[in-house]
Amino acid sequence: ISWFTESMSAGRPVPVEIRHYIQNPAVDQRSCAHPSAKPESAVSPYACQRRTTLNNHNKIFTDALEVLAENLEFCGNQGPSLAFRRAASVLKSLPEALRCLEETQHLPCLGEHCRAIIEEISECGSCSRVEEILNDERYRTMKLFSSVFGVGPKTAENWFCRGLRTFEQVLNEPSIRLNRMQTAGFLFYEDISKPVSRTEASALKIIVEEAVICVNPSATVSITGGFRRGKEFGHDVDFIIKTPEAGQEDTILPAVIERFKSQSILLYSDLQESTFDLRQLPTHRFEAMDHFSKCFLILKLKGEQETGRDWRAVRVDLVAPPLERYAYALLGWSGSTLFERDLRRFARLERGKLLDNHVLYDKATYFQEAAISMSKCILRGIAKLCLMKY
Ligand code: DCT
Ligand code: MG
């Protein structure tokens with residue numbers, strides 16, 4: 001990396017002003033989550049307030065920080081992991097590559113540890129701790145196992161602790177009973193671990209739309225998840241279904257699944273019926289999945305493949321919220337995960353509201369109706385950012 005050598009050849013590091021402004025100057029910087037975030041800092045500590053394009057100018061640093069985050073997640077250390085994810089997110093929002101360490105000085109969410117990593121990468125081209133992790137047997141095995149659909153960190157760890165290191169060993173271990181999801185995960189591993197392109201996502205939209213309209217002509221389908229944010233590739237394709245009448249959201253997904261079955265394009269389905277209950281809102285746990293009717297599918301997408309086959313398997317998620325919850329569900333399913341997390345944090349700390357995929361509540365009164373105009377305002381503002389959030 002050149003900025004370090006360049007700045008050192010001049011005898012001292014050259015401070016460069018980062019021209020990056022928060023989206024909403026009304027945010028009170030004194031309540032920033034990070035104590036080092038100073039009022040003059042131009043970058044917001046909230047991901048939902050940072051304009052972030054697809055163009056990551058600091059990939060060399062963010063890749064390293066994300067390895068550190070992932071390794072901590074594999075160890076169950078969600079808190080410290082989040083700190084690295086936040087730091088990576090801040091760097092992704094910068095309009096240009098960092099040129100010297102001083103540029104990180106007023107950035108939020110970048111503590112001494114992160115700065116030391118950035119410095120090491122700048123000087124040596126890599127970070128020794130990251131290299132160590134990348135070569136670590138536990139990390140490599142956890143990464144491999146958790147890349148299988150249906151295998152979470154707990155199962156991956158269990159297999160690792162039993163001395164298993166490869167898929168072959170897992171599949172030949174008689175005491176391991178794979179569930180239906182994991183079986184499909186191994187069966188279609190090659191296909192579903194290949195990124196899905198935007199062209200493939202568009203082809204799937206036509207298939208999903210056709211099936212949805214066939215079972216309910218007044219329903220509509222929108223693409224959500226990473227593709228809604230403008231990504232060119234994703235690990236799956238997420239769709240949200242809007243039904244105009246109460247109760248239709250509960251029956252539409254089973255009917256759509258039947259339709260896929262009759263077309264012989266259904267390779268796997270896991271239908272989760274709605275557990276939505278207004279009285280139990282709001283949920284306080286971010287990680288908790290929402291309560292809407294949804295399904296996790298693997299579909300056959302027709303088209304010539306490198307393998308010589310005329311189809312490939314693709315992971316598809318469908319969610320069908322009740323109409324009056326649609327805006328919240330669409331916002332929640334648009335991601336990214338950190339954007340959503342910070343949006344909730346922003347709502348809570350800066351606006352005194354509780355937000356999740358179902359609802360926006362006034363924290364003081366717990367009165368949902370009072371929050372409606374606020375929700376419209378938030379959603380309108382956020383719609384502008386939806387294509388730029390990573
Ligand atoms: N989501 C959510 N609640 C969760 C998990 C995810 O509301 N417990 C939202 C956030 C993103 C969205 O669902 C889609 O999830 P993914 O498909 O995992 O993310 P993505 O951004 O679409 O990433 P990719 O492009 O890899 O599919
Ligand atoms: Mg997705």
Side-chain angles (χ1 to χ4, degrees), residues 47-48 52-54 56 62-63 66 69-70 73 78 81-82 85 88-89 92 143 146-153 181 185 188 191-205 208 221-241 270 272 274-276 281-299 301 313-321 325-345 347 354-360 378-379 382 385-390:
C48 58
T52 304
T53 67
L54 289 164
N56 178 4
T62 59
D63 280 354
E66 282 172 351
E70 192 178 31
E73 278 155 23
Q78 307 303 330
S81 161
L82 187 58
R85 295 242 176 245
S89 168
K92 282 181 191 176
K143 182 132 180 113
S146 55
S147 73
V148 178
F149 174 53
V151 179
M181 201 182 229
F188 303 109
D191 273 8
I192 60 181
S193 52
K194 232 176 24 193
V196 186
S197 69
R198 177 167 282 281
T199 312
E200 289 171 319
S202 303
L204 274 159
K205 182 167 187 251
V208 173
V221 176
S222 298
I223 211 156
T224 180
F227 289 110
R228 182 159 195 260
R229 306 195 305 274
K231 277 174 73 176
E232 285 304 319
F233 293 94
H235 92 282
D236 65 358
V237 194
D238 307 287
F239 295 101
I240 184 162
I241 298 172
D270 174 12
Q272 304 207 343
S274 168
T275 51
F276 178 67
L281 294 178
T283 47
H284 290 264
R285 284 186 52 222
F286 171 77
E287 287 74 15
M289 259 286 175
D290 60 53
H291 296 276
F292 302 129
S293 171
K294 60 175 85 65
C295 60
F296 308 110
L297 310 173
I298 301 177
L299 294 183
L301 178 64
V314 188
R315 275 270 304 107
V316 172
D317 288 348
L318 307 181
V319 61
R325 303 288 136 201
Y326 182 80
Y328 303 101
L330 176 63
L331 179 60
W333 278 72
S334 297
S336 68
T337 306
L338 191 66
F339 182 98
E340 300 297 337
R341 183 186 276 277
D342 274 8
L343 191 57
R344 287 159 201 213
R345 206 162 56 100
L354 291 173
L355 174 71
D356 66 12
N357 281 10
H358 315 91
V359 74
L360 182 72
I378 280 203
L379 295 176
I382 277 141
L385 293 173
C386 265
L387 296 172
M388 294 175 267
K389 51 194 191 169
Y390 280 85

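Each ligand, and each atom within it, is numbered from 1 in the order the structure gives.
- Here's the thing with G226: one of its N/O atoms is less than 3.5 angstrom from an N/O atom of ligand 1.
- Closest to atom 17 (O) of ligand 1 by heavy atom, among D238, V196, V319, I240, is D238.
- By the 3.5 Å distance cut-off applied to N or O atoms, H235 is counted among the residues near ligand 1.
- Any N or O atom pair closer than 3.5 Å counts here, and S336 shares no such pair with ligand 1.
- Heavy atoms of T224 found under 4.0 angstrom from ligand 1: none, in either backbone or side chain.
- Put simply, D236 gets within reach of the Mg ion (ligand 2), with an N, O or S atom under 2.8 Å from it.
- Restricting D238 to its N, O or S atoms, the one at the least distance from the Mg ion (ligand 2) is OD2.
- For the atom pair CZ (F292) and CD1 (I240), the distance works out to 7.5 Å, reported to the nearest 0.5 Å.
- Among the atoms of S334, none of the N or O lies under 3.5 angstrom from an N or O of ligand 1.
- Remark: ligand 1 and D236 share an N or O pair separated by less than 3.5 Å (distance only, no angle test).
- At a threshold of 4.0 Å, the pair K92-E66 counts as salt-bridged, since one of the basic side-chain nitrogens sits closer than that to a carboxylate oxygen.
- Using a 4.0 Å cut-off between a side-chain N of Lys or Arg and a carboxylate O of Asp or Glu, D342 and R344 do not qualify as a salt bridge.
- Taking distance alone, with nitrogen or oxygen atoms compared against 3.5 Å, D290 stays at or beyond that limit from ligand 1.
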